[in-house]
Amino acid sequence: MPDTTASDSAAPAASPRRDFIREMVADDVVAGRFGRAPATRFPPEPNGFLHMGHAKSICLNFGIAQEFGGTCNLRFDDTNPFTEDVKYVESIKRDVQWLGFQWDGEYYASDYFEQLYEFAERLVNNGRAYVDSQNESEIRAGRGTVTSAGVAGPYRNRSVEENLDLLRRMRAGEFADGAHVLRAKANLAHPNMIMRDPLLMRIRHAPHYRRGNDWCLYPLYDFAHGLSDAIEGITRSLCTLEFKDNREIYDWLVREVGFVNPPRQTEFARLELDYTVLSKRKLLRLVNEGHVSGWDDPRMPTIAGLRRRGVRPEAIRAFCEVIGVARKDARVEIATFEHAIRDDLNTIVPRVLSVLQPLKVVLTNYPEGQIEQMEAASYPPDSARNETRLVPFTRELFVDRDDFMEDPPKKFFRLAPGKEVRLRFGYLITCHEVVKNDAGDVIELRCTYDPATRSGNAPDGRKVQGTIHWVSATESLPCEVRLYDRLFSQADPDAVPDELDFISALNPESLVVMHGRIEPSVAKDAVGTRYQFERTGYFMSDEASTADALVFNRIVSLRDSWAKEVKKM
RNA sequence: UGCCCCUUAGCUCAACUGGCAGAGCGUCUGACUCUGAAUCAGAAGGUUCCAGGUUCGAAACCUGGAGGGGCAACCA
């Protein structure tokens, strides 16, 4: 396929997957359609934290700008003083940058209020907009229904002079909230409900987080969005499918206001991810009702939550790349995301030994008080790195409870009475005795080690099937390990009986705290260091972790084919 | 009940615009292995929503239907 994108220099090394939007943009360039370089924008409302759905949009908008040598603005769609806050502006900027993108212009719809007001007067002067003084329910009733046309209200044919006078006094603050609104004079019988004289501006005597009290006439989405795009010279205004019907008023407004080569709105499917919710409204409820510890709770699908969990921006970008962009409602399996996370971490993250559920093992033939330092490879063979560290080995060890069964099935390649296994980077050991407490719980295993197997191999050539991880009982460090799992226990949290809502689908075990042990080498590492706990999963030390009280978050578990095997049994 | 959008493998997407339906993830099998990880090799998996039509030839074009979704906030 010929490369016609005229973007040789701009495109990053990996050529991104082509989707229908990139096809359009490529075509824009070839056709010289807008008379300017491709220009996109990412336009969040600062009323919540960014989540994976936004990540998809960010990768699309900024990605297109990069690939086609264009620009991408960050614009805050801050037209509703009731819901917005600077703290959200700050989190959004941080998250976009963390994801690896830098905007060209940083704009605020609230900076366009004066200009938008001028447009409003222009529309009034041209007979394209009017001040309606009906109340909310009258307006709703006058709009008709999906099957019946709306009817003109009593104010629809006010004179230009009267409209102008009212509009100026609305701006001046002479009227109470709701007394009047500005509406487009479009078509009350239009089959597209959006076109039935949509509201353009409403009075809101409320402090705006940026404009304070100097403004009381706020534009609504349809009025502000497209015209803001046009002011910035955007070429493709990318948004999600639910705005499809709004495109008609978008086009109507930029045309009536008089923009030449106006931006074109193009819609794509929003992201849905299994076992979570991607809607600011719902995420806000999780925060406000205390189901999570905050917007950055590691179980949240927010960028801040994922960052705290330990997911890297590279994984998020790779995920967005692989899911693509289309016009069909998409619900992505969580396995796809987890694969992207593991794939990103696999070769770059050091391995470490950590036991989550310690079970004591005493090596009865190992000298008391002896400590051997075992050399352990910190990276897998397919990594570019080949560093090692030393792990202390002693007479008393801990292994994971899951790695012992008193009465194991045939294919259990781990510790069991009479069975021999390899301790990773250590010796071959054989279990001889199981010690139980009065309640019958296994509390200790008494084993012997084979001193000739320090390399991990038996000189006589005998093979063992299993290798398990371990930690010295005396030299290891205690640690808190937070095992995060899916936030909801069903793939679609909204698919609950009518009388319930998504809150009822929360997974009660989305956070399980374990008190485990970890090899001492990690004590020197900075907070935020990522590891693979061998045979367990990927972890990152939490920001609350200290040398005295180590805390690790599980980023994602390892693939576990044994667990699948168990399920079959 | 009006208008609009969507429908290709379990999931997400391709199919150079009418020319042998493919990829990633997932699943299964095997190899390798001091991580039951990773890696490698292979396999299974399709009435391209259905029914007609146009065509030498249809996933694509036309007609009709079905299923899913969006729109009647002074939210975005």
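Keep in mind that this is a model prediction, so the values were computed, not measured. Naming convention: chains lettered A, B, ... in sequence-line order (proteins, then strands); numbering from 1 in each chain.
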A.B. asks: Could you tell me whether Y218(A) contacts a base, only the sugar-phosphate backbone, or nothing, with contacts defined as non-hydrogen atoms closer than 4.0 Å?
C.D. replies: nothing

A.B. asks: Could you check how far CD of E321(A) sits from P of A14(B), rounded to whole Å?
C.D. replies: 12 Å

A.B. asks: Encode nucleotides 27-33 of chain B as B, S and - characters from 5' to 3', where the letter depends on protein heavy atoms closer than 4.0 Å: B to the base, S only to sugar-phosphate, - to neither.
C.D. replies: SS-----

A.B. asks: Between F20(A) and R327(A), is there a cation-pi geometry (under 6.0 Å to ring centre, at most 45° from the normal)?
C.D. replies: yes

A.B. asks: Determine the interatomic distance between C1' on G46(B) and the same-named atom on A21(B); round to the nearest Å.
C.D. replies: 8 Å

A.B. asks: Name the stems with RNA chain B in them: runs of three or more consecutive Watson-Crick or G-U pairs, distances under 3.5 Å?
C.D. replies: B:2-7 with B:66-71, B:10-13 with B:22-25, B:27-31 with B:39-43, B:49-53 with B:61-65

A.B. asks: Do K282(A) and D494(A) meet the salt-bridge criterion of a basic N to acidic O distance under 4.0 Å?
C.D. replies: yes

A.B. asks: List the residues meeting ring-ring contact (aromatic ring centres under 6.0 Å, His included) with Y275(A), not counting sequence neighbours, and say none if there are none.
C.D. replies: none

A.B. asks: Measure all distances between protein nitrogen or oxygen atoms and nitrogen or oxygen atoms of nucleotides 43-46 of chain B, and list the pairs falling under 3.5 Å.
C.D. replies:
none

A.B. asks: So, F425(A) versus W470(A), ring centres under 6.0 angstrom or not?
C.D. replies: no

A.B. asks: Below 30° counts as parallel, above 60° as perpendicular, anything between as tilted: where do the rings of Y107(A) and Y112(A) land?
C.D. replies: tilted

A.B. asks: Tell me which of G456(A) and D343(A) sits closer to the 5' end of RNA chain B, going by the nucleotide each one is nearest to.
C.D. replies: G456(A)

A.B. asks: Excluding sequence neighbours, so at least two apart, what forms side-chain hydrogen bond (donor to acceptor under 3.5 Å, both in side chains) with R210(A)?
C.D. replies: S110(A), D111(A)

A.B. asks: Just N and O in the side chain of S561(A): are any of them under 4.0 Å from OP1 or OP2 of A37(B)?
C.D. replies: yes

A.B. asks: Syn or anti for U17(B)? Use the chi torsion, O4'-C1'-N9-C4 for purines and O4'-C1'-N1-C2 for pyrimidines, with syn inside 90° of 0.
C.D. replies: syn

A.B. asks: I'd like to check the side-chain hydrogen bond (donor to acceptor under 3.5 Å, both in side chains) partners of E242(A); sequence neighbours left out, ordered by chain and number.
C.D. replies: T240(A), R270(A)

A.B. asks: Which whole number of Å gives the distance between the C1' atom of G22(B) and that of U8(B)?
C.D. replies: 11 Å

A.B. asks: Are F243(A) and Y250(A) close enough that their ring centres sit under 6.0 Å apart?
C.D. replies: no

A.B. asks: C6(B), G24(B), U35(B): which one has an atom nearest the side-chain heavy atoms of R535(A)?
C.D. replies: U35(B)

A.B. asks: Would you please name every residue forming a side-chain hydrogen bond (donor to acceptor under 3.5 Å, both in side chains) with R462(A), sequence neighbours left out?
C.D. replies: E420(A), D450(A), D460(A)

A.B. asks: Identify, with sequence neighbours excluded, every residue that meets side-chain hydrogen bond (donor to acceptor under 3.5 Å, both in side chains) alongside R75(A).
C.D. replies: D229(A), E232(A)

A.B. asks: State the syn/anti category of A73(B) according to its glycosidic angle, syn meaning within 90° of 0.
C.D. replies: syn

A.B. asks: For F488(A), which residues count as a ring-ring contact (aromatic ring centres under 6.0 Å, His included) partner, sequence neighbours excluded?
C.D. replies: none

A.B. asks: Tell me, for nucleotides 65-76 of chain B in 5' to 3' order, what letter each nucleotide earns: B for a base near a protein heavy atom under 4.0 Å, S for only sugar-phosphate near one, - for neither?
C.D. replies: ----SBSBSBSB

A.B. asks: Heavy atoms from C-beta onward define the side chain here; which of C25(B), A14(B), U7(B) lies closest to that of K328(A)?
C.D. replies: U7(B)

A.B. asks: Assign Y538(A) to base, sugar-phosphate, or nothing according to its heavy-atom contacts below 4.0 angstrom with the strands shown.
C.D. replies: nothing

A.B. asks: How would you list, by chain and number, every residue that makes a ring-ring contact (aromatic ring centres under 6.0 Å, His included) with F175(A), sequence neighbours excluded?
C.D. replies: H180(A)

A.B. asks: Between atom CG in L188(A) and atom C1' in G2(B), what is the gap in whole Å?
C.D. replies: 15 Å

A.B. asks: Under 4.0 Å between a side-chain N or O of H339(A) and OP1 or OP2 of C25(B)?
C.D. replies: yes

A.B. asks: Determine whether a donor-acceptor pair (one donor, one acceptor, N or O, separation below 3.5 Å) exists between the side chain of R351(A) and the base of U35(B).
C.D. replies: yes

A.B. asks: Would you kindly give the CD-to-C1' distance between E272(A) and C6(B), to the nearest whole Å?
C.D. replies: 14 Å

A.B. asks: Are Y531(A) and F539(A) close enough that their ring centers fall under 6.0 Å?
C.D. replies: no

A.B. asks: Taking only residues two or more places apart in sequence, or in another chain, which ones meet D245(A) in a salt bridge (charged side-chain N to carboxylate O under 4.0 Å, His left out)?
C.D. replies: none

